[in-house]
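To keep things clear, I will list the structure first and then write my remarks on it.
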Amino acid sequence: MNQKYCVVLTTTNNDENKNQLIKAILEEQLAACIQTMPIESHYVWHGELCCDNETLLVIKSKQSCYSELERTIVENHCYETPQVIQLPFSEGFNPYLTWLEENTRR
């Protein structure tokens, strides 16, 4: 089972920050594709119940890029503690995985 590829998730509630994150990640070739979708997040922060309208960034990358991708997200994020999680995957449509490989750092 090859777990060379991953999806990284992060969220932001700020369109300017969303665009800044996307630009930084793609310019550094830390991902081949980033999809965005509006979500509603419910969570506890500093003991308070919170609800925010956010944008979820679904970042398609390689595990070899994860450390630098995480650093880039944290450095460019407007949140004190941003969500940055990696979900490895082992299989996918080969032409898509080839495209992902070609469009991220080696």
Side-chain angles (χ1 to χ4, degrees):
M1 193 182 302
N2 180 1
Q3 295 193 346
K4 181 177 184 177
Y5 305 103
C6 64
V7 171
V8 176
L9 304 177
T10 193
T11 58
T12 184
N13 63 1
N14 176 308
D15 278 342
E16 184 178 324
N17 187 229
K18 172 190 74 175
N19 293 330
Q20 177 183 1
L21 289 165
I22 290 169
K23 184 175 190 257
I25 292 165
L26 293 178
E27 283 184 347
E28 292 298 318
Q29 292 183 301
L30 297 173
C33 174
I34 302 172
Q35 297 169 311
T36 62
M37 60 190 78
I39 61 169
E40 186 175 85
S41 295
H42 303 264
Y43 56 96
V44 176
W45 184 249
H46 296 296
E48 303 268 332
L49 289 175
C50 302
C51 177
D52 273 328
N53 290 317
E54 293 185 301
T55 299
L56 173 66
L57 282 71
V58 180
I59 304 162
K60 282 43 166 301
S61 188
K62 297 187 301 192
Q63 288 190 358
S64 61
C65 293
Y66 177 75
S67 293
E68 193 168 349
L69 178 56
E70 178 185 278
R71 181 190 54 75
T72 298
I73 292 170
V74 170
E75 285 178 357
N76 287 280
H77 212 291
C78 63
Y79 289 179
E80 178 183 337
T81 307
Q83 168 189 297
V84 185
I85 57 172
Q86 179 194 123
L87 306 170
F89 61 91
S90 59
E91 294 186 37
F93 181 53
N94 192 53
Y96 180 81
L97 296 180
T98 299
W99 173 82
L100 194 157
E101 183 75 34
E102 291 171 351
N103 287 281
T104 52
R105 287 188 185 175
R106 301 244 177 243

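Atom CD of Glu75 has more than 12 heavy atoms from other residues, nucleotides or ligands within 6.0 Å.
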ask   = Given the rule in the side chain to side chain contact (heavy atoms under 4.5 Å, CB included) test, do Ile73 and Ile59 qualify, once you have shown the distances and angles that lead to the verdict?
value = CA-CA 11 Å; Ile73 292 170; Ile59 304 162; 3.9 Å; yes
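Met37 and Val84 fall into different hydrophobic clusters, where Ile, Leu, Val, Met, Phe, Trp and Tyr residues are linked whenever their side-chain heavy atoms come under 4.5 Å apart, directly or through other members. Hydrophobic cluster membership is shared by Phe89 and Leu87, with clusters built from Ile, Leu, Val, Met, Phe, Trp and Tyr side chains linked at under 4.5 angstrom. Linking ILVMFWY residues whenever their side-chain heavy atoms come closer than 4.5 Å, directly or via other members, places Ile85 and Leu56 in the same cluster. Residues Val7 and Leu97 share a hydrophobic cluster, clusters being chains of Ile/Leu/Val/Met/Phe/Trp/Tyr side chains in contact below 4.5 Å.
Considering only heavy atoms from C-beta on, Thr104 stays 4.5 Å or farther from Gln29 through its side chain. Put simply, the side chain of Leu9 reaches to within 4.5 Å of the side chain of Val58, judged on heavy atoms. Side-chain contact between Pro82 and Val74 is present, with at least one heavy-atom pair separated by less than 4.5 Å. The closest side-chain heavy-atom distance from Gln83 to Glu54 is not below 4.5 Å.
Here the CG-OG distance, from Leu100 to Ser61, works out to 7.0 Å after rounding to the nearest 0.5 Å. The distance from atom NZ of Lys18 to atom NE2 of His77, rounded to the nearest 0.5 Å, is 12.5 Å. With rounding to the nearest 0.5 Å, the separation of CD1 in Ile34 from NZ in Lys60 is 10.0 Å. Atom CD1 in Ile22 sits 5.0 Å away from atom CG in Leu57 (nearest 0.5 Å). To the nearest 0.5 Å, atoms OG1 (Thr11) and OH (Tyr79) are separated by 5.0 Å. Within the model, atoms CG of Leu30 and OG1 of Thr72 stand 5.0 Å from one another, a figure rounded to the nearest 0.5 Å.
The two residues Cys33 and Trp99 come nearest to each other via the heavy atoms CB-CH2, 3.7 Å. What you find for Cys6 and Gln86 is that their closest heavy atoms are CB-CG, 3.6 Å.
Side chain of Asn17 to main chain of Asn76: a donor-acceptor pair is present (N/O by atom type, distance under 3.5 Å, no hydrogens or angles).
Applying the side-chain hydrogen bond (donor to acceptor under 3.5 Å, both in side chains) test between Tyr5 and each of Glu91, Glu101, Lys62 identifies Glu101 as the sole match. Each of Gln63, Glu68, Glu70 was evaluated against Tyr66; a single residue qualifies, Glu70, per the side-chain hydrogen bond (donor to acceptor under 3.5 Å, both in side chains) test.
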